[in-house]
Amino acid sequence: MCLALPSRVVELLDDDQAKVDLGGVTKAISLSLVEDVAVGDYVIVHVGYALTKVDPAEAEKTLALFAEMAAMGASA
Amino acid sequence: MCLALPSRVVELLDDDQAKVDLGGVTKAISLSLVEDVAVGDYVIVHVGYALTKVDPAEAEKTLALFAEMAAMGASA
Amino acid sequence: MTLPRRSHPRPLDLNSGRVDLTHGGGGRAMAQLVEELFVAAFDNEILSQGNDQGAFSVPGGRMVMSTDGYVISPLFFPGGDIGSLSVHGTINDVAMAGAVPIGLSAGFIIEEGFPLADLARIVTSMAAAAKAAGVPVMTGDTKVVEKGKGDGVFITTAGIGMVPAGIDISGDKARPDDVILVSGSMGDHGIAVMSQRESLGFETAILSDSAALHTLVAAMIAAAPGIRVLRDPTRGGLAATLNEIASQSAVGMVISETAVPLKPQVLGACELLGLDPLYVANEGKLICICPPEDAETVLAAMRAHPLGGDAAIIGQCDADPHHFVRMKTAMGGTRIVDWLAGEQLPRIC
Amino acid sequence: MTLPRRSHPRPLDLNSGRVDLTHGGGGRAMAQLVEELFVAAFDNEILSQGNDQGAFSVPGGRMVMSTDGYVISPLFFPGGDIGSLSVHGTINDVAMAGAVPIGLSAGFIIEEGFPLADLARIVTSMAAAAKAAGVPVMTGDTKVVEKGKGDGVFITTAGIGMVPAGIDISGDKARPDDVILVSGSMGDHGIAVMSQRESLGFETAILSDSAALHTLVAAMIAAAPGIRVLRDPTRGGLAATLNEIASQSAVGMVISETAVPLKPQVLGACELLGLDPLYVANEGKLICICPPEDAETVLAAMRAHPLGGDAAIIGQCDADPHHFVRMKTAMGGTRIVDWLAGEQLPRIC
Amino acid sequence: MKYIDEYRDGELARQLAASIGQEADSARTYHLMEFCGGHTHAISRYGLEDILPANVHMVHGPGCPVCVLPVGRIDAAIWLAGQADVILCTYGDMLRVPGSKRLSLLKAKAEGRDIRMVYSTLDAVKLAQANPARRVVFFAIGFETTTPPTAVAIKQAQALGLTNFFVFCNHVLTPSAIAQILDSPEVRELGTVKLDGFIGPAHVSTIIGSQPYEYFAEEYQRPVVIAGFEPLDVLQAVRMLVRQINDGRFAVENEFSRAVTRDGNAKAKSLVADMFELRKAFEWRGLGLVPYSALRIKHAYAAFDAERHWDVPQDSVADNKACECGAILRGVKKPIDCKLFGTICTPENPMGSCMVSAEGACAAHWTYGRFRDTKAPTA
Amino acid sequence: MKYIDEYRDGELARQLAASIGQEADSARTYHLMEFCGGHTHAISRYGLEDILPANVHMVHGPGCPVCVLPVGRIDAAIWLAGQADVILCTYGDMLRVPGSKRLSLLKAKAEGRDIRMVYSTLDAVKLAQANPARRVVFFAIGFETTTPPTAVAIKQAQALGLTNFFVFCNHVLTPSAIAQILDSPEVRELGTVKLDGFIGPAHVSTIIGSQPYEYFAEEYQRPVVIAGFEPLDVLQAVRMLVRQINDGRFAVENEFSRAVTRDGNAKAKSLVADMFELRKAFEWRGLGLVPYSALRIKHAYAAFDAERHWDVPQDSVADNKACECGAILRGVKKPIDCKLFGTICTPENPMGSCMVSAEGACAAHWTYGRFRDTKAPTA
Ligand code: SF4
Ligand code: SF4
Ligand SMILES: [Mg+2]
Ligand SMILES: [Mg+2]
Ligand SMILES: [Mg+2]
Ligand SMILES: [Mg+2]
Ligand SMILES: [Mg+2]
Ligand SMILES: [Mg+2]
Ligand SMILES: [Mg+2]
Ligand SMILES: [Mg+2]
Ligand SMILES: [Mg+2]
Ligand SMILES: [Mg+2]
């Protein structure tokens with residue numbers, strides 16, 4: 001459940017808000033639930049709130065794991 | 001000024017009201033401003049109120065006067 | 001040919017003006033909006049004819065198209081409802097070119113929460129009217145708007161028809177000495193609808209005259225193919241419609257007060273409300289203008305048709321350069337029968 | 001021929017039911033209302049064809065008529081406004097029969113208090129669209145409703161067109177193995193409009209695709225007169241329209257997720273709102289179904305036209321007795337692309 | 001329709017007109033002011049000018065309550081309609097009357113104010129009952145005819161315990177207006193306006209009776225004939241005035257005896273006396289400030305008085321400079337004397353109130369009679 | 001779209017699926033419950049069943065906040081919308097959910113109630129600001145993901161001094177639901193439902209972290225893999241579960257490490273702890289009364305609590321008898337086992353909430369997968 005999407009922070013706004021971008025679509029969201037967000041960060045947005053930041057290193061690791069497992073599948 | 005029309009009382013209603021008829025059109029009006037109105041009377045109606053009763057005898061007299069004067073005009 | 005310019009002393013205020021009810025009332029304010037905005041912008045020969053239908057040529061002959069929106073309140077009234085009305089009204093605008101109606105389109109704009117039972121009643125009545133007229137509803141559309149952004153249901157119908165060869169009827173064809181006829185009593189529809197408005201609080205047995213007039217028209221043009229003008233006196237009634245034609249044809253008109261057929265109940269209701277019956281809407285009557293030599297033939301054809309039993313000759317065109325519509329009053333004087341100014345509102349003065 | 005019956009598990013509740021927004025949403029509730037009420041009541045061969053236009057014969061050949069009501073909010077949106085939309089939309093419904101549009105009618109229902117400046121902007125845009133398309137607004141009507149009984153302005157246009165000899169395009173003509181094409185990217189109009197709804201609070205550079213497609217159609221039928229079906233995927237988007245056709249033609253369909261052209265911003269907005277772009281409205285795109293041997297010819301003709309540059313083959317019809325529209329997903333699985341259930345609402349789950 | 005149709009008989013009308021022609025002295029003119037818009041309307045609507053002899057001139061008076069209401073009061077009504085929670089209701093006649101900047105109640109409604117038309121004061125009370133969370137203001141206008149219904153409504157609101165019903169009172173008095181005209185320099189001193197006699201009010205007189213006119217007849221030595229609003233009533237009154245003038249008499253005569261008595265309607269008069277009191281002065285369009293010419297709500301009914309509940313602006317707003325309504329209402333000018341008539345000012349775009357009310361002299365002449373002004377082709 | 005497109009790569013998906021096929025033991029079956037509707041939706045939407053090996057069975061869990069809300073709470077929301085001056089607002093997901101007698105908020109709106117869709121809790125607060133004369137009730141639903149935004153809104157309403165903003169709180173807790181399922185007789189005693197492992201929530205876990213699942217893994221000896229909602233995330237999680245099962249392990253693993261930590265979001269958690277407290281028990285559709293499974297507003301914020309401001313009906317309303325939502329939410333039945341599925345119950349005429357929410361098992365199967373049920377021609 002809980003539709004939420006990683007979106008890139010493109011601008012910090014007043015009132016603990018930020019503008020995020022998703023595929024060329026921008027939207028103002030609330031940063032009330034997160035800390036230390038900077039422009040360029042990806043945050044996971046749910047009902048107009050950032051729930052957390054995306055950890056780029058962990059994302060890389062997961063993708064690497066996919067590739068490795070897929071390689072096994074492909075070679076099967 | 002003061003659009004008002006002679007209408008025939010066709011029914012007495014509750015709350016000091018009456019139903020009047022004008023050429024086959026009926027309407028509920030207030031009798032608050034008049035006294036002793038009976039079914040069959042003609043009243044002069046303005047903004048939904050009877051202002052006064054029409055005096056049939058006086059009406060006859062006026063019509064007779066018209067006829068008389070008209071006769072003079074016609075004979076001219 | 002283009003619509004003759006009416007004299008509007010002041011142009012539309014396109015900067016800060018707002019649409020008000022007079023812009024839809026069938027009077028001069030509406031005519032101004034149509035001329036200065038719509039006709040000017042769309043700027044084409046067909047629309048500029050200024051008729052209630054546009055006429056155009058196709059390989060098989062001449063056709064017409066017309067449309068009307070129906071926003072009547074209440075939706076159900078004595079003698080009809082918005083459904084049958086939306087069929088009759090548009091068939092009539094097609095027929096007023098002398099055309100044989102081919103079919104209709106119907107667009108519904110329904111307010112959220114509208115009872116399906118009422119919608120079914122309206123659609124059934126519409127279907128019955130279309131069937132009785134022999135004019136099918138060929139295509140349609142349904143939109144639903146949020147509660148509070150509509151008024152129950154609005155219906156916009158469009159209609160098309162084929163003009164028989166040799167017929168050339170248009171609002172600009174009236175000539176001095178032409179005779180003016182109406183097909184029956186004036187004002188029935190408007191009074192029937194008003195009688196349902198609780199705020200006006202009157203009762204009458206009068207029924208709307210809502211009817212499809214294309215068979216009446218067919219009988220009339222069969223009898224007299226030289227008919228010049230046909231138009232149904234809807235919004236703004238006889239008065240507005242005669243003024244439209246007078247202005248379009250650049251003629252004057254003189255009608256006779258005692259010749260205009262009026263039902264006593266319509267007169268009674270108009271007296272009560274301070275309205276002039278000449279401005280009250282009809283939905284099953286037509287005005288016909290024909291050369292003087294055709295007048296009796298047309299009258300006989302109308303009277304022989306079930307929808308023309310009370311038809312009457314009410315006046316004649318003349319060469320008045322001001323294009324006034326005048327009326328010989330019952331008292332022997334003359335008055336203007338002017339455009340409707342804004343909406344007719346019940347009055348106390 | 002009559003519209004194939006869709007299976008509505010429960011009939012319309014004509015006793016105590018009410019119209020809700022789903023009845024206008026382009027999904028199955030609307031289809032049910034149209035079938036069980038409108039088509040049943042009007043009961044004629046032309047309407048029962050189940051197309052977005054009715055086709056009929058006149059002395060000079062075959063003609064079509066179509067109508068749509070435009071109730072869009074906001075009235076002005078990136079890439080268009082209600083005025084141009086009301087011209088494009090109805091031209092398109094006429095063109096989807098392969099017909100050459102002749103002209104339009106326009107009925108305005110305006111809310112009291114609507115700024116004349118906005119009305120002028122809309123009418124000017126409408127006139128420009130009509131002129132650019134070469135399709136005149138031939139007749140019109142204006143109604144004004146009281147404040148609070150409308151929503152700024154509603155426009156209902158109707159259109160007529162002449163079908164070239166030898167062309168027979170209808171929603172019931174798709175056959176197994178026929179190829180399904182679209183003329184460009186899906187969902188642009190719906191997302192452009194939603195981007196203006198303050199409550200959704202997102203911004204994008206996407207423009208409505210609102211455009212008149214009759215010249216594209218003319219190019220396509222010139223290249224391949226054997227085209228079976230044309231339809232513009234408006235309300236309910238690609239998904240609803242494919243289901244309509246599948247049901248009408250009694251075929252199944254399989255489309256490929258990766259073949260459907262979608263702009264990244266449309267995808268982004270859909271992700272954000274929890275919407276499926278296949279259900280988002282288009283106003284300047286068409287779906288074409290043609291025999292397999294014509295597919296490349298049609299595709300080439302589309303791509304050669306300015307409004308078909310992103311045209312693509314997206315799938316094929318088959319003999320599925322359930323008339324399912326299925327999609328091969330990018331993951332290699334299969335899903336149904338179903339009718340829209342009610343309206344698409346932004347969601348959080 | 002009994003008591004209507006008999007008074008609209010065309011044949012009788014022509015004969016009556018002929019008899020006036022016979023009796024009128026061709027060596028002189030007769031300037032007769034019909035005080036009431038009802039008479040003005042009948043004269044225009046039936047084209048009576050066409051059948052009256054050429055030396056009988058009808059002069060239109062100020063007897064139209066819509067026409068005489070000054071711009072400031074219209075502005076005040078629009079102001080009231082803009083107050084929080086207010087529903088402003090009034091008779092249909094008032095909706096199109098332009099205030100300053102040509103803003104009317106109809107336009108204010110289009111801009112979003114909640115303004116409703118009512119047919120009767122009782123509908124206004126019902127509106128208040130049906131909308132307890134709103135404040136319903138009845139914009140009351142009219143002469144003595146229309147005042148008693150306002151009084152009944154206030155009584156009823158009181159009986160119902162309504163606290164959300166208010167009256168914006170603009171009721172005015174006929175005799176004061178007549179006196180003001182007869183006292184005006186144009187009539188009294190300069191003689192610019194010739195007034196040989198008066199046709200007195202029809203329906204106003206059903207309430208106040210014929211007695212109040214006796215003072216004028218006596219004091220100003222002018223004959224008065226109270227007459228109904230039907231065309232034969234008007235013609236008959238003209239004939240009665242011509243006779244009095246020929247005879248040198250100046251009595252109050254009552255052509256409308258079928259509805260008017262000498263004393264009027266006692267019940268209605270006492271109701272009005274109970275509820276209203278005289279204002280020291282009130283502005284009339286055309287006549288300026290007229291002493292003791294209008295009513296306001298008495299202290300005992302203060303709770304229903306919109307002018308006490310709100311601090312209603314009491315500004316006197318100047319008429320459009322070019323508008324001659326004032327002079328027309330005093331009988332000094334005719335519509336055709338106004339430069340704006342029919343060019344800038346028409347019923348669709350009225351510049352003054354006389355062009356709005358069906359009984360206004362400008363509207364009547366434009367709507368029914370203007371063809372007489374334009375003998376020469378202009379198109 | 002970064003962090004989205006990479007996880008939807010079709011080629012990788014096929015390879016991943018193939019590698020699952022290789023690793024899965026063809027001699028056994030794997031029953032894996034995806035707790036979350038987000039996973040259910042992804043599986044159906046992308047047709048992942050078609051590419052997973054036949055012996056891997058996905059069992060849909062109760063992780064859809066719309067689906068688990070009992071009928072009585074929907075009825076209560078409709079009741080609230082009918083109270084004087086109320087504007088009821090909620091997320092789009094709730095509008096079509098049928099209460100008793102099949103009345104939904106959408107239908108109540110069509111009947112004239114003022115019901116609005118909001119996209120964010122902040123819009124609900126704005127609505128209250130913009131309508132001071134109305135009482136705005138936010139119908140709050142959702143798991144741990146959606147609760148913190150509700151808390152922010154109440155804080156904001158407090159800061160703005162709003163007295164017309166209320167929350168009808170229906171926030172529920174994921175771990176309690178998982179425990180209830182694992183404790184159910186079907187799973188624990190009867191073995192009717194075979195559950196070999198769990199795919200754990202994606203976005204709920206961004207808030208609560210992975211730590212709460214450690215207890216389940218340990219206590220019930222089932223592996224848990226927290227996974228994102230993209231198709232590759234799901235496939236990867238399946239593969240990780242298959243591996244653990246093959247190895248006889250039952251650890252909590254985190255496939256969604258790019259967004260989920262062991263401890264979750266401390267700021268959000270403390271905000272929630274400050275504002276809400278546990279309800280002793282709360283009814284879940286399908287699971288019945290679940291102890292300590294939902295939140296209510298603490299006394300300190302009572303002024304914002306719709307259940308304190310109104311005497312909201314607390315009735316427990318029975319589900320439609322034939323509706324199997326309950327069993328489906330427990331993983332005991334599949335949509336196709338319900339007699340109403342696709343005949344009486346469709347998304348247009350849903351009989352149960354599982355047919356409404358895009359994440360409901362019935363809606364997902366109807367909308368995306370039902371073609372698999374109907375191999376035989378019926379037309
Ligand atoms: S024509 Fe108009 S401006 Fe002139 S006096 Fe009459 S109302 Fe005033
Ligand atoms: S198909 Fe409908 S009735 Fe059956 S379990 Fe699902 S939601 Fe309930
Ligand atoms: Mg028309
Ligand atoms: Mg018409
Ligand atoms: Mg017409
Ligand atoms: Mg349509
Ligand atoms: Mg409404
Ligand atoms: Mg259409
Ligand atoms: Mg269309
Ligand atoms: Mg279409
Ligand atoms: Mg029209
Ligand atoms: Mg509105």
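Letters A, B, ... are given to chains in the order of the sequence lines, protein chains preceding strands, and every chain is numbered from 1.
No part of D/Ile191 comes within reach of chain A, as not one of its non-hydrogen atoms sits under 4.5 angstrom from that chain. Using a 4.5 Å cut-off between heavy atoms, D/Leu267 makes no contact with chain A at all.
Using a 4.5 Å cut-off between non-hydrogen atoms, the part of residues 273-286 of chain D that approaches chain A consists of D/Leu273, D/Gly274. Contacts with chain D (heavy atom to heavy atom, under 4.5 Å) involve these residues of residues 7-27 of chain A, listed by number: A/Lys19, A/Leu22, A/Gly23, A/Gly24, A/Val25, A/Thr26, A/Lys27.
Interface remark: of the candidates D/Val266, D/Leu272, D/Ile206, D/Leu200, D/Leu272 forms the most heavy-atom pairs closer than 4.5 Å to chain A.
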